[in-house]
Every structure is written in structure tokens, then in C-alpha cells.
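What follows is one structure encoded as C-alpha cells, with my remarks underneath.
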Amino acid sequence: MPPPPSGRSQFQKPADEAPQGPAWKEERGDAFGDSTVSSFVYNPWRHYSLDQQRQRLPIFKSRNSILYLLEKHQTVVVVGETGSGKTTQIPQYLLEAGWCKSPGMRIGITQPRRVAAITISQRVAEERGAPLGREVGYVVRFDDCSSPETKIKFITDGILVREMMADPLLKQYSVLMLDEAHERSIHTDIAMGLLRKILKKRDDLKVIVSSATLDAEALRDFFQSGPEGSPSATILTVEGRTFPVDVFYLNDPVANYMSATIDTILKIHRTQPLGDVLAFLTGQEEVDHVCQLLSEHSDGLERETGHRLTVVPLYGSLPPGDQLKAFELPPPKTRKIIVATNIAETSVTINGIVYVVDCGFVKIRAFNPLSGMDSLIIVATSRASAEQRAGRGGRNRPGKAYRLYTEDAFKSLEAATVPELQRTSLAPVILQLKALGVDNVLRFSYPAAPSAENMIQGMELLFGLGALDGEGALTEPLGLHMAELPLQPMLAKMVLGASEFQCTEEALSIAAMLQVENVFIKPARGEQKVNAERCRRKFSVLEGDHVTLLNVYAGFVKFGKSSQWCRQNFLHYKGLCRAVEIRRQLQKHLVKLKVRTSDTADRMEGALYDIDNIRRCIVSGFFANAAYLHPSGSYRTVRDDHELHIHPGSVLYAEKPPAWVVFNEVLQTTQEFMRDVTAIEPQWLYELAPHYYQYGTERQLSAKRAMEEA
DNA sequence: GAGCACTGC
């Protein structure tokens with residue numbers, strides 16, 4: 001644990017005197033006491049030259065230590081808070097120290113997110129006075145802004161794993177820096193496991209792992225452990241440049257964190273100097289609800305305090321234009337309240353936040369290996385997450401963070417969030433590792449080992465798909481090709497097997513459309529809502545969502561990929577453009593892999609596609625996600641009789657439910673919903689996946705068929 | 001008639 005930003009008071013102060021609202025326990029100072037307003041300062045050094053600015057960054061003091069430790073050790077774990085400048089400066093120190101002198105050698109820096117890779121590389125190019133893409137560049141999916149002369153290359157961690165497939169020893173890099181490693185993205189974790197192996201084979205390679213304090217020692221030990229003479233690792237701590245944040249806890253737990261959020265925000269507004277508020281909730285519904293209730297208080301509060309209140313929601317599925325409102329400066333004498341999901345914890349940074357309200361919960365994806373299903377669940381945050389949220393209030397001036405739980409509750413939280421690798425399906429991971437030459441995926445050195453059940457589920461699925469053989473080895477060409485495609489295994493199988501069903505073109509379109517969410521625009525009410533539904537019906541078919549998506553894609557292409565056509569049909573133009581881009585990339589892969597794709601040309605130009613063939617093709621990839629209609633009216637999975645429902649967003653929702661379906665994924669909210677559903681014939685499961693439905697389930701299938709006939 | 005945290009190849 002990092003030390004708290006200020007000394008923690010040992011005793012509880014008397015409860016707040018205000019008659020209403022939660023009572024606060026204080027870590028330092030008064031939760032709602034008076035203090036003077038300081039002016040906003042975003043970059044106090046902006047009148048200095050770029051070079052002078054660089055030298056004023058806290059990391060500059062550690063420059064020599066970093067270079068020295070990297071000479072002495074193969075791995076250095078750099079621990080530093082935000083604002084230390086480590087991401088922008090360390091690569092430049094390395095370049096200046098001659099780490100790219102050998103021809104063709106470069107420094108690679110990974111980021112978990114695309115925007116970060118791009119924007120940071122822009123900043124570094126600017127500091128070096130060079131055009132982006134030359135000495136300093138970046139590579140993310142669909143966007144390669146690098147050249148042979150690039151010495152400092154920013155990439156997403158996913159790109160690094162892909163690069164390993166082409167170049168297992170990563171020979172182009174002299175130093176690799178894994179930034180934001182504490183976020184433990186699935187790709188960072190895989191990269192760390194693989195780098196541990198590479199370091200043993202390449203003693204000239206250096207690795208810098210940049211992390212928050214919590215897991216620094218574990219990361220060092222991960223790179224340190226191993227047989228005699230294994231690479232050495234060490235930790236370097238660098239100071240950050242953030243302002244102190246006073247943290248306040250509740251005296252007693254609250255039953256409803258939404259009303260507590262509202263009470264706390266109102267109290268901040270009544271008692272605290274101007275400064276914006278960021279409140280964390282778990283989902284869209286909560287955010288919208290709290291925003292609505294706060295807006296209702298807005299007028300009364302202005303009369304009472306003389307300050308306006310402007311309330312802005314912020315979550316991922318919000319249209320980009322609406323998201324931007326959270327970043328706009330509020331008008332004078334106005335306090336901006338941003339009510340956000342976890343998107344504001346790491347993905348976006350908003351300036352001017354002084355007060356943070358943290359409900360203490362987060363919605364995360366969980367994976368159940370027994371049923372093979374994903375669900376979204378609301379769980380308590382971790383201490384690391386709570387610190388990160390609080391820190392959002394101290395970027396520009398000292399801040400205050402209000403945690404809607406007791407200090408004891410905080411102490412009992414997990415130290416860090418469970419790594420992604422331990423809560424998603426492992427099938428894609430196993431496929432990647434096998435393709436990278438890791439034969440024994442069970443014994444692979446994961447930074448955090450996933451459960452055995454999860455491993456087995458992943459292996460079984462890959463075996464069922466034909467990507468692994470009986471010995472657990474990657475099959476050729478199918479398994480190898482599946483690993484090459486940037487698609488989840490079931491979709492990859494569907495696309496690669498499509499030539500058998502003469503529908504590769506259609507399968508590519510469907511796969512691309514499934515990567516894009518929210519293609520259909522749904523106005524909340526009124527005439528527009530009716531119009532939107534009418535438009536959607538034009539594309540809908542009784543066979544289900546996959547073919548409906550295909551119709552949308554085909555229409556988009558047929559009408560010249562026009563934004564006007566999208567507006568008329570209530571479709572998201574940008575989403576469809578993205579689908580076109582993804583499809584082009586997939587097609588490129590197929591050509592590279594020499595997979596037969598010319599089948600459509602065999603048919604008449606403009607001829608209708610054969611829907612049955614497409615459905616069979618879908619089944620060839622998604623047979624593991626099959627369900628049948630139960631007399632109760634809901635569905636049951638074929639594999640383990642798990643109860644499922646058709647999601648209200650499906651075109652089949654309002655229709656007569658088909659007896660048998662396959663689905664793209666399951667989403668658990670109030671019930672377990674199948675998303676993207678296609679009606680199938682049950683015998684296709686036998687025909688197309690005999691190895692999967694041969695035993696055990698056969699009895700179920702025949703029993704159900706008998707039931708249907710009865 | 002109900003609803004989807006956030007990324008990434």
C-alpha cells in the first residue's frame with residue numbers, strides 16, 4: 001500500500017453537525033470545512049521551453065539511476081505516480097544514452113489503450129522536434145505511423161503480442177517498456193510471461209515494467225525467479241507530481257449508494273468552494289438516474305448558493321458528441337458535476353476535478369468456466385482502484401475524496417482488482433500461446449495463473465473447434481490460421497470454414513459486424529422511435545440477428561457507404577465504417593493465409609445469398625453456444641441445460657421463438673440473455689460438430705426431439 | 001417489453 005496522502009487521524013471526530021446526509025469520518029481536515037479557493041493551474045511550466053520543461057519533471061532526478069540500473073539488471077520495475085513523466089521521458093533518456101545505436105534497434109513502449117499510444121507518441125515527437133512517424137512513431141490496429149528509422153515506438157500491448165508471432169525474440173527491440181502494467185490487461189500479462197522466456201534467450205534485451213506501488217515486488221519477483229543465473233530484476237521508485245487528496249470515509253455504511261451519492265454532491269455544493277465534482281457509479285442506468293435527480297435540484301440550489309450546477313453523464317456507450325460535454329469548461333460561477341462509470345478511472349482524464357465521490361463498487365466482466373458464459377457483475381472495488389479514483393481529484397490542485405463506505409470496509413477490500421486473465425475465457429489466450437510455440441500452456445509462467453477449470457474449458461472448446469488435436473497441439477492449417485485472425489475462436493472458425501458453405505464473403509461481413517456494437521440507433525421515444533423501428537424491420541429476417549446484420553452491411557455497401565443513408569435508416573455511420581475497416585483487415589489476413597475466398601465470384605453477381613448455407617456456417621463456429629426452446633417458454637443450453645432468454649435487442653425477441661438457436665454471447669443482467677441469435681435446425685449440430693455432440697448430449701438431443709414431436 | 005463496465009488484435 002502506498003502511504004496515504006496525508007497522516008491518517010487515529011480517532012474519529014464527532015459526526016457532522018448537518019441534520020441530513022451521511023456522517024463522515026475524516027482522514028485529515030474537515031470534510032466540508034472552509035478553505036480558500038485556489039485558481040486553476042494546468043501547466044505551470046508552460047512558459048518554459050520544452051527542454052526546460054523536461055528537466056523540471058520529477059523523473060529527471062532519476063535519470064541517471066534508471067540508466068545505471070538498466071546496465072546492472074535486465075529488468076527494472078519503475079514505480080511512479082501519475083505526473084512523474086516516466087512514460088514520455090524514459091524512452092528519450094534511453095535514446096540519448098545510446099540504446100538505439102546498433103542499426104535497426106529501437107525502444108518499444110506498450111500502452112493498454114490506443115489513444116494513449118497515439119497521444120503520448122505525439123507528445124514525445126514534439127519534444128524531440130521531429131515529425132511523428134520518423135524518429136518517434138506509433139503502431140496500433142489499423143494505424144501504423146512508424147518507419148524503418150523509428151527509434152522510439154509506442155504500441156498497444158495487443159500489437160506487441162502480435163509482433164511476437166512474427167518475431168518470437170523481438171529482435172528489433174533493445175529495450176521494451178511495459179507501461180501501466182498494474183492495470184494487468186490480458187495482453188500485458190501474456191507479454192510479461194513471454195518476455196520472461198525471451199529474456200533468458202536474449203541477454204542483450206532490457207525490460208522496464210512501469211507499475212503502481214501495490215504489485216511492484218510481485219512483478220520484480222516474477223522476473224527474478226527462475227533457475228540459477230536467471231536475469232536479475234530490481235525496483236526503482238520515482239516521485240510523482242500530484243496534489244494531496246484528503247480522503248473521507250463514512251461513519252456508518254449506507255444502504256443505497258445512489259442516494260448517498262446525491263446527498264454527498266448536494267452537500268459539497270452547499271459547503272465547498274467552487275470546483276468540479278466527479279462521481280463514480282457502476283453503470284449507465286445508475287448514472288442516468290442520478291443525473292436526472294440532481295438536475296431536479298439544480299434551480300433550487302442556485303437560489304440557495306448563488307452557484308449554478310451543471311450535471312453531465314459520462315459512460316462508454318454515450319455518443320462521442322455527448323461524451324465531450326464532460327470535458328468542456330463550465331461557465332463562470334458554475335460547478336460541473338460529472339457522473340461517470342469506470343471509464344473515468346483510467347480511460348479518460350478530465351481537468352479541473354477537485355472533489356471525487358466514490359460509491360465503492362464497479363461493474364466487471366466475470367467468466368464462468370463451467371457454463372462457458374460471461375456475465376457482468378457488480379462487485380466492491382479494490383484499494384488500488386479506490387486510490388486511483390481519489391487521485392482523479394488531485395491533478396490540478398489539492399482535492400477531496402468522499403468514499404461512500406467506512407474505513408474498515410476500505411481496509412477489508414482486496415488490494416488490487418483481479419487480473420483480466422483470471423476472469424475471461426482462456427480459449428483465445430491458449431490459441432495465441434500455442435501459436436507462439438508454448439506447448440505446455442498449463443505450465444506457462446503467467447504473472448497470475450488462471451484456474452484449472454478455466455484452462456480445461458478453453459482447451460475443450462479449442463478441441464471442439466478443431467484448433468487443437470488430441471494431443472493438445474495446434475492443428476495445421478486450421479488452428480494456426482485461427483490464431484492469426486484477430487477474432488475470438490468461434491468467429492475465426494466460422495470465417496475460416498465458410499468456403500465449405502460457399503459464403504466466405506458473407507461470413508466476413510457478419511464477423512465484422514459482430515465486432516461493432518450499437519449499429520442500430522434507438523431514439524428513446526416519440527415518432528422517431530417508431531420510425532427507427534420501422535427501418536430496422538426492413539433489414540430483419542426471421543432467421544435471426546446474424547443475417548439481419550449481414551443485410552445492414554450489404555445495404556451500407558450497396559448505397560455507397562453514405563452517411564445520409566445511415567441517418568435515414570437510423571444506423572450508426574461510424575460503427576459501419578469501422579465494420580468495413582475490420583472486414584478489409586480480415587480479408588487481408590485470409591489472402592495472406594491463402595484461404596480460399598473466391599466462392600462468391602462463383603455465384604451470380606448480385607444474387608441473393610443462400611441463407612441456409614450461412615446459418616450452417618454460423619453453426620460450424622457456434623455449435624457450443626446452442627440452445628433449445630423449453631416448454632416453460634425460455635431456452636436451455638444443449639450442453640448443460642442452463643436457462644437462457646432471448647435478449648430484448650434481438651430481432652427474434654418479438655417473434656415466434658424458434659425451437660433451436662445458436663447465439664454469439666450471453667449477457668447476465670436481470671436474467672441471462674442471449675445476444676445475437678440465429679435460428680437453426682438441430683440436426684446441423686450433429687452434422688457439423690459430431691465430436692462435440694457425440695456423447696452424453698446425444699441422449700438429451702433425442703429426448704428433446706421426442707418431446708418436440710409429442 | 002427490457003437494457004450493455006472498459007479495453008484490444
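Every chain is numbered from 1 and lettered A, B, ... according to where its sequence line falls, protein lines coming before strand lines.
Atom pair A/L667:CG and B/dC6:C1' shows a separation of 14 Å (rounding to whole Å applied). If you measure from atom CZ of A/R184 to atom C1' of B/dG8, you get 17 Å, rounded to the nearest angstrom. Atom CZ in A/F361 sits roughly 15 Å away from atom C1' in B/dA5 (whole-Å rounding). Rounded to whole Å, the distance from CE on A/M165 to P on B/dG8 is 20 Å. Nucleotide B/dC6 holds its P atom 12 Å from the CZ atom of A/F280, rounded to whole Å. Computed from coordinates, the A/L586 CG to B/dC9 P distance equals 13 Å when rounded to whole Å. Atom CZ in A/R584 sits roughly 16 Å away from atom P in B/dC9 (whole-Å rounding). Across the protein-nucleic acid pair, A/L491 atom CG and B/dC9 atom P stand 17 Å apart, rounded to whole Å.
In this structure, the nucleotide among B/dC4, B/dG8, B/dA5 sitting nearest to the side chain of A/H647 is B/dC4. Here the nucleotide nearest the side chain of A/R675, chosen from B/dC4, B/dC9, B/dC6, is B/dC4. Minimum atom distance to the side chain of A/K363 is reached by B/dA5, of the listed B/dA5, B/dT7, B/dA2. Here the side chain of A/R365 is nearest to one of B/dA5, B/dG1, B/dT7, namely B/dA5.
A/R113 comes within 4.0 angstrom of sugar-phosphate atoms only, judged by non-hydrogen atoms across all strands, and of no base. Using a 4.0 Å heavy-atom distance criterion, A/V161 is classed as making no nucleic acid contact. Here A/S185 lies out of heavy-atom contact (under 4.0 Å) with every strand. Within 4.0 Å (heavy atoms only), A/Q515 reaches at least one base atom of the nucleic acid. As judged by a 4.0 angstrom heavy-atom cut-off over every strand, A/I378 is placed among residues making no nucleic acid contact. Nucleic acid contact class of A/Y315 (heavy atoms, under 4.0 Å, all strands): sugar-phosphate only.
The main-chain N or O of A/K574 is never found under 3.5 Å from a side-chain atom of A/H572 such that the two would form a donor-acceptor pair.
Between A/T341 and B/dC6 there is a side-chain N or O to OP1 or OP2 distance below 4.0 Å. The side chain of A/T156 places an N or O atom within less than 4.0 Å of a non-bridging phosphate oxygen (OP1 or OP2) of B/dC9. Regarding contacts with the backbone of B/dC9, a side-chain N or O of A/R114 is found under 4.0 angstrom from either OP1 or OP2.
Using a 4.0 Å cut-off between charged nitrogen and carboxylate oxygen, A/E581 and A/R584 count as a salt-bridge pair.
Nearest-nucleotide positions on DNA chain B for A/P112 and A/T282 put A/T282 closer to the 5' end. In this structure, A/L487 and A/N342 both approach DNA chain B, and ranking their closest nucleotides by distance from the 5' end singles out A/N342.
For A/E414, the CD atom sits in a loose shell: 12 or fewer heavy atoms of surrounding residues, nucleotides or ligands are nearer than 6.0 Å.
Considering only residues two or more places apart in sequence or on other chains, A/F367 meets the ring pair (Phe, Tyr, Trp, His ring centres under 6.0 Å) condition with none of them.
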* Decide yes or no on ring pair (Phe, Tyr, Trp, His ring centres under 6.0 Å) for A/Y257 and A/F361, but give the supporting numbers first. => CA-CA 9 Å; A/Y257 59 69; A/F361 288 89; 5.3 Å; yes

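Remark: A/R403 is positioned above the aromatic ring of A/F410, its terminal NZ or CZ atom under 6.0 angstrom from the ring centre and at most 45 degrees off the axis.
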